[in-house]
Amino acid sequence: MTSFSHKPEGYECPFCCIWGINRPNQGTKLSDIIYQNEKVTAFIASKWWPNNKGHVLVVPNQHFENIFELPADYAGEIHRAAQLTAFAMKSTYGCDGISTRQHNEPAGNQDVWHYHLHVYPRYVNDQLYQTTGAQSDPDERSLYADKLRSWIKEYMKV
């Protein structure tokens, strides 16, 4: 079953650009990647909310616009990666909880036309839903990526 595409003509997918293109000082860098397998990639998001720094996006490596196009085997891998990320955040960030969220189509607030799942570290009274995101510093992102990558690497050894 396929859905109507909402991406504008000439749309360049920012997530498809991650593999092989490392744009200077903007967007996602290869160093932001914390986990990757044959189906999915998890990386530190370049847009941060003020009290929830270091949140992660989990995306399928193949381009699917939204949940309506996403095959079930990719959905399973995305949620495995999200769970792994949640454990890593709880251990390394010391957060009080985790939120995940995902948007589909314009009425669902989707604004990037490649399926992605947000994994946010949550803290008591962090006001995630009352604040707005802004572009983050790639050097600051690398500190968060290193923490999560190291935890995941150790976990995968077990």
Side-chain angles (χ1 to χ4, degrees), residues 1-89 93 95 97-122 126-145 148-149 152:
M1 201 161 123
T2 57
S3 65
F4 173 78
S5 178
H6 295 281
K7 65 184 177 190
E9 191 171 326
Y11 181 75
E12 183 180 321
C13 178
F15 298 153
C16 289
C17 290
I18 294 169
W19 302 277
I21 298 174
N22 208 4
R23 296 169 289 179
N25 300 319
Q26 64 180 3
T28 301
K29 309 289 184 209
L30 293 175
S31 60
D32 295 331
I33 296 172
I34 63 161
Y35 174 79
Q36 189 168 43
N37 68 23
E38 64 283 345
K39 291 195 178 200
V40 303
T41 299
F43 54 90
I44 301 293
S46 60
K47 185 176 180 182
W48 282 9
W49 275 250
N51 302 316
N52 308 88
K53 292 182 176 184
H55 100 272
V56 168
L57 295 177
V58 184
V59 303
N61 295 341
Q62 187 174 331
H63 186 92
F64 302 105
E65 185 169 316
N66 55 39
I67 199 166
F68 302 108
E69 294 182 1
L70 187 71
D73 57 332
Y74 279 85
E77 285 300 315
I78 287 165
H79 280 275
R80 281 186 195 90
Q83 183 183 45
L84 183 63
T85 299
F87 280 123
M89 283 179 173
Y93 292 4
C95 52
I98 300 291
S99 285
T100 59
R101 81 182 184 194
Q102 197 276 315
H103 307 281
N104 297 283
E105 301 182 313
N109 290 328
Q110 183 176 6
D111 61 358
V112 175
W113 309 109
H114 185 126
Y115 179 95
H116 56 288
L117 178 69
H118 296 261
V119 182
Y120 289 94
R122 296 301 306 273
D126 64 13
Q127 300 182 331
L128 173 64
Y129 301 114
Q130 289 78 43
T131 57
T132 303
Q135 196 65 25
S136 63
D137 178 325
D139 292 332
E140 191 175 3
R141 287 198 309 266
S142 71
L143 300 173
Y144 287 85
L148 296 179
R149 230 186 345 265
I152 290 169

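Keep in mind it's a predicted model, so treat the numbers as computed, not measured.
Atom CD of E65 sits about 8.0 Å away from atom CD of E105, to the nearest 0.5 Å. In this structure, CG in N104 is found 10.0 Å from CD in E69, a value given to the nearest 0.5 Å. Taking OH from Y74 and NE2 from H79, the interatomic distance works out to 15.5 Å, rounded to the nearest 0.5 Å. The CG atom of N66 sits 11.5 Å away from atom CZ of F4, with the distance rounded to the nearest 0.5 Å. Atom NE2 of H103 and atom CD of Q110 lie 9.0 Å apart (nearest 0.5 Å). Annotation: the span from H63 atom NE2 to C13 atom SG amounts to 5.0 Å, rounded to 0.5 Å.
Checked by atom type and distance alone, the side chain of T131 never pairs as donor or acceptor with a backbone atom of P50 at under 3.5 Å. R80 contributes no side-chain N or O that, together with a main-chain N or O of A75, makes up a donor-acceptor pair within less than 3.5 Å. Side chain of N61 to backbone of E38: a donor-acceptor contact under 3.5 angstrom is found.
When all heavy atoms are compared, the tightest approach of G54 to Y144 is CA-CD2, 3.7 Å. Summarising the geometry of R149 relative to I33, their closest heavy-atom pair is NH1-O, 2.6 Å, with the distance given to 0.1 Å. Scanning both residues, Y115 and I67, for their nearest heavy atoms gives CD1-N, 3.6 Å. Considering every non-hydrogen atom in both A45 and R141, the closest pair reads O-CD, 3.3 Å. Across all non-hydrogen atoms, the minimal contact from P121 to N52 is O-ND2, 2.8 Å.
Side-chain contact between T28 and L57: absent, with no pair of heavy atoms (C-beta onward) separated by less than 4.5 Å.
In terms of the side chain to side chain contact (heavy atoms under 4.5 Å, CB included) criterion, residue partners of A42 (sequence neighbours excluded) are, by chain and number, I34, Y35, V56, V58, T85. The side chain to side chain contact (heavy atoms under 4.5 Å, CB included) test applied to S99 returns Y120, R122, Y129, not counting sequence neighbours. Scanning for salt bridge (Lys or Arg N to Asp or Glu O under 4.0 Å) contacts around R101 gives an empty result, with sequence neighbours left out.
The environment of Y11 atom OH is dense: over 12 non-hydrogen atoms of other residues, nucleotides or ligands sit within 6.0 angstrom. Other residues, nucleotides and ligands contribute over 12 non-hydrogen atoms within 6.0 Å of the NZ atom of K39.
Under the side chain to side chain contact (heavy atoms under 4.5 Å, CB included) test applied with I78, the options L70, T41, D73, V59 reduce to a single match, L70.
A ring-centre distance under 6.0 Å is not found for H55 and W48.
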Step by step, would you call F64 with H114 a ring-ring contact (aromatic ring centres under 6.0 Å, His included)?
CA-CA 6 Å; F64 302 105; H114 185 126; 7.7 Å; no
